[in-house]
Amino acid sequence: MIFDTHTHLDDERFAEDREALLQKIKAAGVSPVMAVAADRDGCHAAVQLAADNDFIYAAVGYHPDAAQKMTEEDLALIEDLAKRPKVKAIGEIGLDYHWPEDTDKPAQNLWFRRQMALADRLRLPVIIHSRDATADTLAVLREFPNVTGVMHCFAGSTHTMKEVLSLGYYVALGGVVTFKNARVAKEVAQCAPLDRLLVETDCPYLAPEPHRGKRNDPTLIHYVCREIAALRGDTPERIAAATRENGLRLFDIEA
Ligand code: NI
C-alpha cells in the first residue's frame with residue numbers, strides 16, 4: 001500500500017467523477033490519503049472528505065496565495081477545524097514568491113508565522129509549500145523548533161535537503177521526480193534517507209510520466225514509487241512501505 005500525503009481531491013477537476021475515483025483509489029491500494037487544504041473552502045472540503053471516507057485524513061490551512069488576504073477570523077476557522085477528528089496537520093502553509101507582481105511578502109510571512117504558531121500550540125505537524133522562497137521559509141521554520149512537518153513537492157537542492165532534515169522535517173517527492181529533466185529531484189530521491197522520505201501526487205497537478213500534462217490522481221502514485229526505487233536501486237514495494245510508515249509516523253495515524 002502507498003500513502004499519498006498530498007492531494008486536492010476537492011478540486012473542481014474531480015467534480016464529475018469524484019465518487020468513482022474514490023472507489024478506484026482504495027482498490028488501487030493507495031491508503032491512507034491526505035486531503036490538503038489551500039484556502040477557506042478547501043479547509044471545509046478536506047474535513048468533509050475525511051469525515052466521509054475512512055481512508056482519508058485532512059490538513060487545514062491557507063496556502064500563501066490565500067494567506068495574503070487572511071484575517072483573524074480565518075485563523076480562528078483553521079483552529080476550530082483543526083480540532084475535528086481526523087485532522088492531522090496544518091497545511092498547506094508557507095511562502096510563494098514565484099509571481100512577484102502578485103506577491104505581498106510581508107503578508108505572506110505574517111500569516112505563515114501565525115499558522116506555524118497555531119501548529120505549535122495544537123501540537124500538529126505542518127505541510128510546507130515553498131516556492132522560490134527557500135531562505136525565508138527556512139528562517140521561519142527555525143523560529144519554531146518544536147514544530148515538525150514535511151516539505152511538500154520538495155524542489156530544493158541536496159544542500160537545502162540536509163538543512164531541512166536537520167530541522168527534523170521530511171521531504172516529499174511527487175510526479176516531478178519522473179520528469180526526464182528533473183535532475184535535482186532525482187538527486188534528492190537518490191540521497192534522501194529512507195526514513196525521511198514521503199511520496200505524494202499533489203493531484204490534480206503534476207501528473208507523473210507517462211501521464212505528464214494530464215489530470216493527476218492518487219492511483220498514479222505508483223509511478224513515483226517506481227521511479228524513486230529505480231534511482232535508488234531498490235524495489236517499489238520497499239519504497240512504498242517505507243514512505244507509508246514515515247507518513248503514518250509524522251501524521252500520527254494508526255495503520
Ligand atoms: Ni498542494
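Just so you know, ligand 1 is whichever comes first in the structure, and atom 1 is the first atom listed for that ligand. Count residues from 1 along the sequence.
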* Asked: Does Glu245 pair with Arg249 as a salt bridge, N-O distance under 4.0 Å?
  ->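 The answer is no: the pair does not qualify as a salt bridge.
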* **Side-chain donor/acceptor of Asn216 to backbone N/O of Leu206, under 3.5 Å** =>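 Confirmed, Asn216 side chain pairs with Leu206 backbone.
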* Residues in side-chain contact (heavy atoms from CB on, under 4.5 Å) contact with Ala155, at least two apart in sequence or another chain ->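 None.
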* **Glu92 atom (N/O/S) at minimal separation from the Ni ion (ligand 1)** =>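 Glu92's closest N, O or S atom to the Ni ion (ligand 1) is named OE2.
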* **the Ni ion (ligand 1) - name of the N/O/S atom of Asp202 that sits closest to it** =>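 Of the nitrogen, oxygen and sulfur atoms in Asp202, the Ni ion (ligand 1) lies nearest to OD1.
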* Asked: Hey, is the Ni ion (ligand 1) within less than 2.8 Å of some N/O/S atom on His6?
  ->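 Looking at His6, which is the residue asked about, there is an N, O or S atom under 2.8 Å from the Ni ion (ligand 1).
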* Mind checking whether the Ni ion (ligand 1) has an N, O or S of His8 under 2.8 Å? ->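 Yes, within the cut-off.
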* Neighbour count above 12 (heavy atom, 6.0 Å) for Arg123 CZ ->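 No, CZ of Arg123 has 12 or fewer neighbouring heavy atoms, counting only those of other groups under 6.0 Å.
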